[in-house]
Amino acid sequence: MLTSIPPKRLLIYLMMAGLVPIVIAWLTFSSKLEEVNLMETKVWQLQEQAFSREKKQSANMAVRGRFGDADHFYIDKNLETLVLLEPETESLKKMLRNPDFPEDENVKKRFDTLSGSGNSMVFTEGVVQSTPLFQEVAETLVHPVEINVGDLKQILCRIEGVPMDGCTPPSNRPHLIVLDFKIEKKNVSEKNQVFLLNLKLLKREYL
């Protein structure tokens with residue numbers, strides 16, 4: 001039967017038959033190569049995840065070390081005790097004590113507002129959320145307070161832990177994160193720049 005096939009066609013068939021093992025070997029090699037590439041990719045991803053996890057753990061350890069000795073009553077001691085608009089309050093006090101200055105009901109009313117508890121920072125605590133590593137709670141101003149630029153710097157210094165214009169951040173500061181910060185200018189007088197501040201913090205303490 002082979003004798004009935006032309007020699008040229010027979011040669012082509014033999015060449016094609018010889019290519020079959022090569023094609024099969026190439027397909028097998030390609031499949032194995034793809035498996036190796038997938039394995040390399042998976043190993044690389046695992047290495048990246050391990051590196052990221054290690055980096056995150058290192059960062060967490062650094063944060064815990066930084067805030068490990070935080071004072072639970074830091075806000076009470078360092079924010080709620082701030083005397084706001086002190087220059088204006090002192091100026092109003094002098095005016096009220098000056099016998100030559102006619103009594104002004106507006107001056108007295110303004111002094112009472114600033115010197116009383118109505119313009120003190122008072123925070124209320126939300127629900128405490130706990131994890132195995134830390135506990136956190138939202139601290140919200142009970143009411144907005146009036147401040148000047150100097151007061152703002154003092155507040156930010158104590159919250160962010162960054163020195164500002166003679167303010168040195170108190171020690172034992174907990175991890176404070178600003179959740180809400182609203183400030184708007186209030187027209188009191190041309191001489192005084194007064195702002196109305198509303199503030200919400202997240203206090204995080206590491207266990």
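In what follows, residues are counted from 1 in the order of the sequence shown. On a predicted model such as this, the values are computed, not experimentally measured, just so you know.
Within the 4.5 Å cutoff, the side chain of Thr124 has no heavy atoms near those of the Glu139 side chain. Leu114 places none of its side-chain heavy atoms less than 4.5 Å from the side chain of Leu84. Counting only heavy atoms from C-beta outward, the side chains of Ser130 and Val128 approach each other to under 4.5 Å. Side-chain contact check for Val107 versus Leu96: some heavy-atom pair is nearer than 4.5 Å.
Residues Ile155 and Leu85 fall into different hydrophobic clusters, defined by Ile, Leu, Val, Met, Phe, Trp and Tyr side chains chained together at heavy-atom separations under 4.5 Å. No path of Ile, Leu, Val, Met, Phe, Trp and Tyr side chains, each step under 4.5 Å between heavy atoms, connects Phe73 with Leu141, placing them in separate hydrophobic clusters. Residues Phe123 and Leu196 fall into different hydrophobic clusters, defined by Ile, Leu, Val, Met, Phe, Trp and Tyr side chains chained together at heavy-atom separations under 4.5 Å. Placement of Phe67 and Leu179 in two distinct hydrophobic clusters is found when ILVMFWY residues are connected by side-chain heavy-atom separations under 4.5 Å, directly or transitively. A continuous path of hydrophobic side-chain contacts links Val149 to Leu156 [ILVMFWY only; heavy atoms under 4.5 Å].
Ile147 contributes atom CD1, which lies 4.5 Å from atom CG of Leu152 (distance to the nearest 0.5 angstrom). Rounded to the nearest 0.5 angstrom, Glu136 CD and Thr131 OG1 are separated by 7.5 Å. In this structure, CG in Asp165 is found 9.0 Å from CD in Gln154, a value given to the nearest 0.5 Å. To the nearest 0.5 Å, atoms CG (Asp112) and CD (Glu105) are separated by 8.5 Å. Here CG of Asn172 is found 8.0 Å from NZ of Lys77. Values are rounded to the nearest 0.5 Å. Remark: Asp69 CG to Ser171 OG distance equals 7.5 Å, nearest 0.5 Å.
Checking side-chain atoms of Asn98 against main-chain N and O of Lys94 turns up no donor-acceptor pair under 3.5 Å. Here the side chain of Asp151 pairs a donor or acceptor atom with the backbone of Asn148 at under 3.5 angstrom. Proximity of a side-chain donor or acceptor of Tyr74 to a complementary backbone N or O of Lys203 within less than 3.5 Å is not detected.
Screening Leu201, Leu197, Ile159 for a side-chain contact (heavy atoms from CB on, under 4.5 Å) involving Phe181 leaves a single residue, Leu197.
Taking both residues in full, the closest heavy atoms of Cys157 and Pro169 are given as SG-N, 3.7 Å, listed atom of the first, atom of the second, then distance. Closest non-hydrogen pair, Thr140 versus Lys200, comes out as OG1-CG, 3.5 Å. In terms of heavy atoms, Leu202 sits closest to Ala138 at CD1-N, 4.1 Å. For Cys167 against Arg158, the heavy-atom pair with the smallest separation is SG-NH1, 3.4 Å. Minimum heavy-atom separation, Pro174 to Ala70: CA-CB, 3.5 Å.
In this structure, Arg204 satisfies the cation-pi test against Phe134, with its NZ or CZ atom closer than 6.0 Å to the six-membered ring centre and inside 45 degrees of the ring normal.
The residues Glu160 and Lys153 are annotated as not salt-bridged, no charged nitrogen and carboxylate oxygen being separated by less than 4.0 angstrom. Ion pairing between Glu90 and Lys93 holds under the 4.0 Å rule for side-chain N and carboxylate O. For Lys186 and Glu146, the salt-bridge test passes: some basic side-chain N is under 4.0 Å from an acidic carboxylate O.
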Could you please spell out the steps behind the side-chain hydrogen bond (donor to acceptor under 3.5 Å, both in side chains) verdict for His175 and Glu205? CA-CA 6 Å; His175 193 181; Glu205 297 171 294; over 6 Å; no
